[in-house]
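Order of the sequence lines fixes the chain letters, A, B, ..., with proteins taken first and strands second; residue numbering starts at 1 for each chain.
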2 protein chains.
Amino acid sequence: MKKIGIKDIALRANVSTAIVSYVMNGTRNVKPETKERVLKVIEEFNYRPNAIAQSLKSRRTNTIGVIAEDITVFNTPEIIDGINDYAEQHDMHILLTNLRLQKKVGYNYADTASYQKHAQNAVSDLVSNQVEGIVYIGVHPRDLTGLIHTNDKPIVYTYCYAQNECSIQYNDEQASYDAIQYLVSKGHSRIAVISGLMDSIPSRLRFNGYYKALTEFQLYFDPQFIKVGDWGGESGYQLLGELMELPDPPTAILVMNDLMAAGALRAAAERGISIPRELSVVGFDNREFSAYLNPRITTMDLPLHDMGILAMKTLCNRISGKEETIEEPPLCKLIERDSVAGPRTSIK
Amino acid sequence: MKKIGIKDIALRANVSTAIVSYVMNGTRNVKPETKERVLKVIEEFNYRPNAIAQSLKSRRTNTIGVIAEDITVFNTPEIIDGINDYAEQHDMHILLTNLRLQKKVGYNYADTASYQKHAQNAVSDLVSNQVEGIVYIGVHPRDLTGLIHTNDKPIVYTYCYAQNECSIQYNDEQASYDAIQYLVSKGHSRIAVISGLMDSIPSRLRFNGYYKALTEFQLYFDPQFIKVGDWGGESGYQLLGELMELPDPPTAILVMNDLMAAGALRAAAERGISIPRELSVVGFDNREFSAYLNPRITTMDLPLHDMGILAMKTLCNRISGKEETIEEPPLCKLIERDSVAGPRTSIK
DNA sequence: CTGTTAGCGCTTTCAA
DNA sequence: TTGAAAGCGCTAACAG
């Protein structure tokens, strides 16, 4: 059975192919009874125009390419979901490329050269498929300047950066500021931080927010309250120990991701430190497991869905050549659970 | 700046468009020096053929459509990752549609009618875009017969079923059989089960495996050891209580998903039942959080990646009209963690 | 070895 | 209100 096309419809309806096109797209007035007839034939044959042919003619594909560094990383599905949300609303399609970064180069993100070729191929491929723009979703917020050459095809980065390119990020600084403010509202003033690696942009921004809040609320500041981890659970475990062995330990800790927070919880449990009674902990990322730890941890939820939507919005603006409307980066939201309480009353 | 096409290349290289096509595709022999010249021009202009036009001509798009019921559900990213793995290896592209089922109809899966239109639209859209086949990824293994009409376009379901259609599932029965066998190897003989809803296919299959193992290993069988939950954490919590209040409680429990297992752990903790010392628990799904519970739970990992690959393989076979090679459904794999030990020695 | 040319399925201009 | 036909960028049959 041959695939039926516009000609078949035209033939059956006794009209020219132009008429069929007109009724499908409403491009011209067509005599109602003719229109009716054409519609009936279309219905009868369940005809759907070949979008490939339409694209070739119209030079518009309504398709945007999404490059995900790794779709199995926790942030990515939600971002894609946002992208889909927007795409659905605007009748666009998504051509998905998954670089499978973790499986290919492991956690060695810094070694961009090793997967630059993959990334560049993905772009070329997408461009060849006539996508109208590209959204690039990173696995970790880092600088990707120069990684990719799009040849004027609009691209928007999210969950990563590139100089002189558009990138969508959430407001890291505000997020940690908010976390500290929340802790202050609970009565804390001796607040430590377990940061991620300091060469990472989010670590710096989150630290800024921490420090800004410290200053603004005139909190106790002790350089020993600043611990630098490596994002992994082990370092959270380790650093909580260091913090609690201080002669005058903090009453609350902001931990820059849930992985390290989980490690910290484990360390606290081993030391017989009760959370939140004796120590409050705020995490970051709102990973699924954070609601299953004991205690369930209070953490900052990342606006991933919004980032996806915003990335699309920005991209579509660029595609249609609209002037950039500078949008505020979306905000994180504190998820209140059970790892925060007031400071222990009897201060040592 | 105009997009450059094959004609521009031909012009610059002083050849006909046919030659350019020949050198690009290696379709014909071309005199080496001509070839060289063409290649140089292609390189110089960084020319990439318009895949849309190629497709129109060749009537092959090398793209397959993926419909995900909900990409934010835990099983989906890994399946897509498998699909991408295969696609990358075979130079295919993925047009992704995300139905966003949970956000649209909540957990009311049974009410297929409410999103049938969405699903059907997605299919029509994909077909119109000339995908060569479709992979449909469910959020829960249920029967979708009649939901969708693909009009002869090959489709493969995974993580769900449809009568008279191809569907890829893991081996549920074997998985729970293996779990019981493992428990037996640890010395257990009084093994209860907390099942999911009994109108669900995986519940039935997993129960079959449980029962088969019980019979085969001649284990103690007590109808009171069979508890039916609803997949949610609360029911795991509830049912563990019921089980442990039995005059002669089990020494081990197979829980049919990690969500219920988490509830069961909570109930055990509240009752002062030590896991695994006094009671062993095996979960199902290997959700991320299962490694963060206390104790970390031993659970069955689902072969999601393999399912994605297998779905693609099967689909591609159908597309190219190859005879169906009946593949074995991929196997789950037990992840040994800390929620299983030998039975408590002093039996009450 | 190379060039000419007919189409793939559609849209749209132009003419009727 | 309708139809004929050109052409989107490419491939491949055919001719040289």
Query - Residue list, ring pair (Phe, Tyr, Trp, His ring centres under 6.0 Å) with A:Tyr136, at least two apart or on another chain - result: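 Listed in chain order: A:Tyr157.
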So if I take every side-chain heavy atom of [X] and compare against [options], which nucleotide ends up nearest?
X: A:Met24; options: D:dA13, D:dG3, C:dT11; result: C:dT11
X: B:Asn25; options: D:dA4, D:dT11, C:dT2; result: D:dT11
X: B:Asn29; options: C:dC1, D:dA12, D:dT1; result: C:dC1

Starting from [atom2] on [N], measure out to [atom1] on [X] and report it in whole angstrom.
X: B:Ile6; N: C:dA6; atom1: CD1; atom2: C1'; value: 15 Å
X: A:Ile4; N: C:dC8; atom1: CD1; atom2: P; value: 15 Å
X: B:Tyr22; N: D:dC10; atom1: OH; atom2: P; value: 15 Å
X: A:Arg28; N: C:dT12; atom1: CZ; atom2: P; value: 9 Å
X: A:Lys7; N: C:dC10; atom1: NZ; atom2: P; value: 9 Å
X: A:Glu36; N: D:dT2; atom1: CD; atom2: P; value: 13 Å
X: B:Leu11; N: C:dT2; atom1: CG; atom2: P; value: 17 Å
X: A:Ile19; N: C:dT12; atom1: CD1; atom2: P; value: 14 Å

**Report entry** Salt bridge B:Glu327-B:Lys313, side-chain N to carboxylate O under 4.0 Å
**Finding:**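 Judged by the 4.0 Å cut-off on N to carboxylate O distance, B:Glu327 and B:Lys313 do form a salt bridge.
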Query - Note: B:Lys103-A:Asp85 ion pair, threshold 4.0 Å (strictly below) - result: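 Result for this pair is no, no salt bridge flagged.
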Query - Under 4.0 angstrom between B:Thr34 side-chain N/O and C:dT2 OP1 or OP2 - result: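 The answer is yes; a side-chain N or O of B:Thr34 sits under 4.0 Å from OP1 or OP2.
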Query raised in the report: Are B:Thr17 and D:dC10 close enough that a side-chain N or O sits under 4.0 Å from OP1 or OP2?
Result: no
Report summary line: Here the residues of residues 45-61 of chain A within 4.0 Å heavy-atom distance, strictly under, of DNA chain D are A:Leu56, A:Lys57, A:Arg59
Report task. With rounding to the nearest 0.5 Å, note down the distance linking CG in B:Leu315 to CD1 in B:Ile155. Result -> 8.5 Å
Query raised in the report: Hey, does A:Val20 reach any base, or is it just sugar-phosphate, or nothing, if we go heavy atoms under 4.0 Å?
Result: nothing
**Report entry** Minimal non-hydrogen separation, B:Ala122 against B:Leu99, with atom names
**Finding:** CB-CD1, 3.9 Å
Query raised in the report: Run the side chain to side chain donor-acceptor pair (under 3.5 Å) check on B:Asp81 and A:Asn98 step by step: do they pass?
Result: CA-CA 7 Å; B:Asp81 196 65; A:Asn98 180 7; 2.7 Å; yes
Report task. On the 0 to 90° scale, with breaks at 30° and 60°, tag the A:Phe74-A:Tyr159 ring pair as parallel, tilted or perpendicular. Result ->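 Perpendicular: the ring planes of A:Phe74 and A:Tyr159 meet at over 60°.
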